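FYI, side chains are in, hydrogens and waters are out, and symmetry mates aren't considered; it's all heavy atoms of this structure. What you are looking at is a predicted structure, and each value in this text was computed from that prediction instead of being measured.
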Amino acid sequence: MRWWLAPVAIALLLSSLGTPATLIHAFAQESQTPAEGTMLVPTAEFRLDARPGTGSIDRQNNLITVDCPAPQEEAWALQVQCEPISNSVSAFEVFCVSFDARALPSNTDGLGSIHVSMATNDPWEPIEEPNGFRTFDVPNQWHPFRICFRAKQDYDAKRVYASIQCAEKKQRLEIRDLKLVGLGNVPDASLPFTRLFYPGADNDAWRSEAQRSIDRHRKRNLTIRVVDAAGQPLAGATVQVQQQKHDYAFGTFVGNTPIHAGEDAAKFRDQTKRWFNRVTLPRYWADWGTDRPAGVVKADATAEWAIDAGFEIKNHLLLYPQFIPDRVKQLADQPSRFQTEIETAMDAALERTRDMPIAVWDAINELRDVSLVGDVLGRDYYADVFNRGQRSQPNARWFINEYGLMTGGSERSKHLATYIQQIEQILDSGGAVEGIGVQGHFQADLITMPEAWKILNELSRFQLPIEITEFDVDTRDEATQAQFTRDFLTLVFAHPATTGFTTWGFWEGDMWRPHGAMIREDWTIKPNGQVWEELIFQTWWTDQTVQTNADGIAIVRAFRGTHRVQAEAQDWARIRTANLLEDETITLQIGVSGE
């Protein structure tokens, strides 16, 4: 059954996941340890800033109350912030913004929401990349927040300050015991952290329906008919079906680590082959990427490794408007030269990869952020990018890719509407969009399963494959990280429109957000890595042994993919490989006499 012909199944699963009035939310719970260090700024010294007409902020002793009667365009319209700290800051110093908070339900739409940052003034710049600005849900009861930032460089005195921004949505918040604490240059393991709370962990109703959806959409009937030398059915023959590979794409981004030398690189290559059947390869046309000869060589070498290792390959990417080389951005007032540079680069990437067995390309990435290409060449040009790629490599599927749909907090709905509009515009312009990519770089604002399912449903209107293209959960709360990974991966695998799930790395030694890794730098597996291994290679992995019936028939409900099938009778065996995509019947004839 085609996935877009399954509206009843989708409705049943969404119903079991809950209604908007009962949506589950992830929010901060008790931190592991208190923030103990040097007090830099107490509650009384934090400044309360309310832009006229946006709401109010009041302080009574150690309690700060924020009232935002309507969402504002800028979250900083209502904020609590300290003056830049008087002492200088050294690289790798850690600061903790420590407080308790709650949202008052009678004045708040759902849960509260806050942004917390440590930054420099004039110009504004976060002191930690890429985590210098973080978003948290605030529950309806008091919960501690312990949010640490590590300085990426030295800063002069009176440059660095902390702020809490509160005007993103209609809400009334209470904040108490606010302080900024200096912890010094201490290891991550000793830092306090905000423990994420993920309700619904013990709610098995949606999981049961998800498993039914998985059985319906991810499995097929493999019928094995076993006969003797004369073609007569063999009753009681032993049949073993062992999965070798999933049809569903379970992938990871690999960067250039596979082409490094040394023990870690060797372990990385081996682990990649154990856990994944697809790799996403970097091919960034940027100042730091394939606009340089060294970048081209590295991209080609990584692709050669992936081909030799037998992976399905996804190339990331053809056009990334945010990171086209600066020399090209400077040609924006010369459209003809601007277009020539872009097309020369795209054609070069397509030509270099033409003979590679590439299954998927990201044609355009994060179009919402930068409109430069469309501003210079017109919005219809985005369709040309897809068509250029599809003409060159018609055997690949051409995806669009975007972030903020799962991780955008209160902005999710707006980001989703923008994405749908962009996809519609490219399709209406004749663009060969063949797949929809959804990023999932989670931090403290974990999405609920009902919300995630609803987003996938909205995108399925295009009747195109949908994939989670970039997944990680950036937190030191390993227990909740593992639980959310289990739930989100299960939810996505259960949705009939999806065809793949890709982690944005897996080893702490090569992760853009190291806390999001599934394997620590010393190669020990974290709880979220154990979840990955368990689900994909145990729960969703076929390994069954059955006996044929009186008609010589055995039926196995197996996951779609490649399987080794072995039938045994009278000390003889017959082995065959079956690629199961739809219900299939195979016959194994064993050279034994029926007499």
Side-chain angles (χ1 to χ4, degrees), residues 28 35 37-89 93-103 112-138 143-153 155-183 192 194 409-410 443-445:
T38 303
M39 171 72 76
L40 298 176
V41 184
T43 301
E45 295 181 14
F46 275 82
R47 190 174 71 243
L48 311 181
D49 291 334
R51 198 167 62 187
T54 60
S56 63
I57 308 180
D58 299 303
R59 176 166 38 216
Q60 290 287 335
N61 298 320
N62 211 29
L63 179 69
I64 297 172
T65 302
V66 182
D67 186 14
C68 183
Q72 303 298 310
E73 186 174 349
E74 295 94 2
W76 47 262
L78 293 167
Q79 69 177 341
V80 181
Q81 71 176 46
C82 65
E83 295 293 339
I85 57 179
S86 58
N87 52 303
S88 60
V89 173
E93 274 193 86
V94 179
F95 300 87
C96 181
V97 182
S98 176
F99 59 93
D100 298 343
R102 68 176 179 180
S113 179
I114 56 173
H115 304 309
V116 183
S117 69
M118 286 282 293
T120 61
N121 59 351
D122 195 24
W124 187 93
E125 180 184 6
I127 69 166
E128 176 179 312
E129 294 287 4
N131 301 322
F133 186 87
R134 307 182 202 172
T135 301
F136 295 87
D137 288 332
V138 181
H143 279 279
F145 292 77
R146 310 290 182 257
I147 306 158
C148 293
F149 301 90
R150 188 181 296 275
K152 62 187 177 184
Q153 65 186 57
Y155 295 101
D156 294 335
K158 298 185 178 181
R159 288 294 315 282
V160 174
Y161 70 98
S163 69
I164 303 174
Q165 303 178 0
C166 308
E168 184 182 61
K169 63 183 300 183
K170 177 185 176 182
Q171 59 187 355
R172 185 177 177 87
L173 306 175
E174 290 184 337
I175 300 169
R176 70 184 182 190
D177 299 330
L178 173 62
K179 56 188 174 183
L180 177 63
V181 178
L183 302 178
T194 301
S410 63
Q443 292 182 289
D445 53 341

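For Ala157 against Ser86, the heavy-atom pair with the smallest separation is CB-O, 2.9 Å. Contact record, Val116 with Phe99: CG2-CZ, 4.2 Å, taken as the closest heavy-atom pair.
Note: Phe136 and Phe145 have perpendicular aromatic rings, judged against thresholds of 30 and 60 degrees for the angle between ring planes.
Checked against ring-ring contact (aromatic ring centres under 6.0 Å, His included), Tyr161 has no partners two or more places apart in sequence or in another chain. Residues that satisfy the side chain to side chain contact (heavy atoms under 4.5 Å, CB included) test with Lys158, not counting sequence neighbours, are Pro84. Residues satisfying the side chain to side chain donor-acceptor pair (under 3.5 Å) test with Glu174, not counting sequence neighbours, are Arg102. Residues satisfying the side chain to side chain donor-acceptor pair (under 3.5 Å) criterion with Asp156, sequence neighbours excluded, are absent altogether. With sequence neighbours excluded, the residues satisfying side chain to side chain contact (heavy atoms under 4.5 Å, CB included) with Arg176 are Leu63, Asp100, Trp142. Applying the ring-ring contact (aromatic ring centres under 6.0 Å, His included) rule to Phe149 yields no partners; only residues at least two apart in sequence or on another chain are considered. The side chain to side chain contact (heavy atoms under 4.5 Å, CB included) search around Glu93 returns Val89, Ser90, Phe95, not counting sequence neighbours. For Glu83, the side chain to side chain contact (heavy atoms under 4.5 Å, CB included) partners are Arg47, not counting sequence neighbours. In this structure, the side chain to side chain donor-acceptor pair (under 3.5 Å) partners of Gln81, at least two apart in sequence or on a different chain, are Gln79. Considering only residues two or more places apart in sequence or on other chains, Asn87 meets the side chain to side chain donor-acceptor pair (under 3.5 Å) condition with none of them.
The salt bridge (charged side-chain N to carboxylate O under 4.0 Å, His left out) contacts involving residues 161-172 comprise Asp67-Arg172, where partners must be two or more places apart or lie in separate chains. Screening residues 51-61 for side chain to side chain donor-acceptor pair (under 3.5 Å), with sequence neighbours left out, gives Arg51-Glu74.
To the nearest 0.5 Å, atom NE2 of residue His115 and atom OG1 of residue Thr135 are 4.5 Å apart.
Heavy atoms of other residues, nucleotides or ligands lying less than 6.0 angstrom from CD of Gln153 number more than 12.
For Glu125 and Arg159, the salt-bridge test fails: no basic side-chain N is under 4.0 Å from an acidic carboxylate O.
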